[in-house]
Amino acid sequence: MTRFVGFAAGVLIAVSTWSIAAHKPVKVTINFIDAQGVGKEAGTIVLKETAAGLEADTKLKGLPPGEHGFHLHQNPSCSPGDDKGKPAAGLAAGGHYDPNATKAHKGPGGGGHMGDLPKLTVGSTGTANLKLKFPGLKLADVMGKALVIHEGGDNYSDTPKPLGGGGPRIACGVIPSH
């Protein structure tokens with residue numbers, strides 16, 4: 001019995017240690033992007049798993065003041081891509097993360113794709129030092145994806161413009177896959 005208790009305690013310690021390591025916060029460097037590629041750093045976003053989902057602690061600077069569309073994109077790249085024969089900022093990040101193939105843009109928790117995140121509001125000084133909540137997402141869901149900030153706001157609808165009307169991608173960061 002003593003051996004079993006010792007073995008069980010060892011397994012419990014190993015599982016507890018793995019669980020803590022699996023939930024270690026992840027720091028994502030966000031860079032400005034344009035049609036030529038990835039530029040200077042705009043700051044960081046630290047993702048932390050909580051019981052209610054992910055929490056993002058943003059420390060960003062140099063962004064245009066106002067609301068910006070903020071999304072989780074499917075590919076781990078911030079490089080330019082081709083848009084009708086012309087290079088466009090951040091298109092290598094692909095589309096919004098949509099593991100259930102909903103093809104619906106309905107906002108965070110709205111039943112559409114999981115890539116819709118809360119709007120990012122940048123202050124008049126160009127900074128965004130915010131804590132945002134991403135209910136329903138876990139670190140495992142976002143690893144190996146990209147966080148993208150768009151030029152304009154997001155109305156979480158496909159009308160009058162597709163994907164909320166956020167426009168061009170202006171900043172991006174790749175979430176490490178491990």
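Positions are given from 1, in the same order as the sequence printed here.
Pairs of residues two or more places apart, or lying in two chains, never qualify as ring pair (Phe, Tyr, Trp, His ring centres under 6.0 Å) while including a residue from residues 26-59. Residue pairs that meet the side chain to side chain donor-acceptor pair (under 3.5 Å) test with at least one member in residues 138-150, sequence neighbours left out, are His71-His150.
Transitive grouping of hydrophobic side chains (ILVMFWY, heavy atoms separated by less than 4.5 Å) keeps Val174 and Leu120 in distinct clusters. Cluster membership for Phe134 and Met143, using ILVMFWY side-chain heavy atoms within less than 4.5 angstrom, is shared.
A donor-acceptor contact shorter than 3.5 Å is absent between the side chain of His113 and the backbone of Thr102. Side chain of Asn31 to backbone of Gly39: a donor-acceptor contact under 3.5 angstrom is found. In terms of modelled atom types and a separation under 3.5 Å, the side chain of Asp98 and the main chain of Lys103 share a donor-acceptor contact.
The minimum heavy-atom distance linking Gly94 with His73 is given by the pair O-ND1, 2.7 Å. Taking every heavy atom of both residues into account, Ala92 and Ser77 meet most closely at CB-OG, 3.3 Å.
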Practice item. For the pair Ile149 and Val122, evaluate side chain to side chain contact (heavy atoms under 4.5 Å, CB included) and give the outcome as yes or no after the intermediate values. Key: CA-CA 11 Å; Ile149 300 169; Val122 177; over 6 Å; no
Check your understanding: Could you walk me through whether His96 and Met114 pass the side chain to side chain contact (heavy atoms under 4.5 Å, CB included) check?
Key -> CA-CA 8 Å; His96 295 173; Met114 294 176 73; over 6 Å; no
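Interatomic distance, Ile175 CD1 to Lys27 NZ, rounded to the nearest 0.5 Å: 15.0 Å. Here the CG atom belonging to Leu139 is positioned 4.5 Å from the CD atom belonging to Glu49, to the nearest 0.5 angstrom. How far CD1 of Ile30 is from CZ of Phe70: 6.5 Å, rounded to the nearest 0.5 Å. For the atom pair His68 NE2 and Glu151 CD, the distance stands at 8.5 Å (nearest 0.5 Å). Note that SG of Cys172 is 5.0 Å distant from CD1 of Ile33, once rounded to the nearest 0.5 Å.
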Pairs of donor and acceptor atoms involving the side chains of residues 50-67, under 3.5 Å and at least two apart or interchain, shall be tabulated with distances.
residue : atom : partner : partner atom : Å
Thr50   : OG1  : Ala52   : N            : 3.3
Thr50   : OG1  : Gly53   : N            : 3.3
Thr50   : OG1  : Gly53   : O            : 2.6
Glu55   : OE1  : Lys133  : NZ           : 2.7
Asp57   : OD1  : Lys59   : NZ           : 3.3
Thr58   : OG1  : Ala128  : O            : 2.9
Thr58   : OG1  : Leu130  : N            : 2.9
Thr58   : OG1  : Leu130  : O            : 3.3

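You'll find the side chain of Val28 reaches within 4.5 Å of the side chain of Leu47, heavy atoms only. Between Val26 and Lys48, the closest side-chain pair of non-hydrogen atoms is not below 4.5 Å. Taking 4.5 Å as the limit, every side-chain heavy atom of Leu132 sits out of range of all side-chain heavy atoms of Leu117. The shortest side-chain heavy-atom distance between Val142 and Leu147 does not fall under the 4.5 Å cut-off. Counting heavy atoms from C-beta outward, Leu91 and Asp83 have side chains that approach closer than 4.5 Å.
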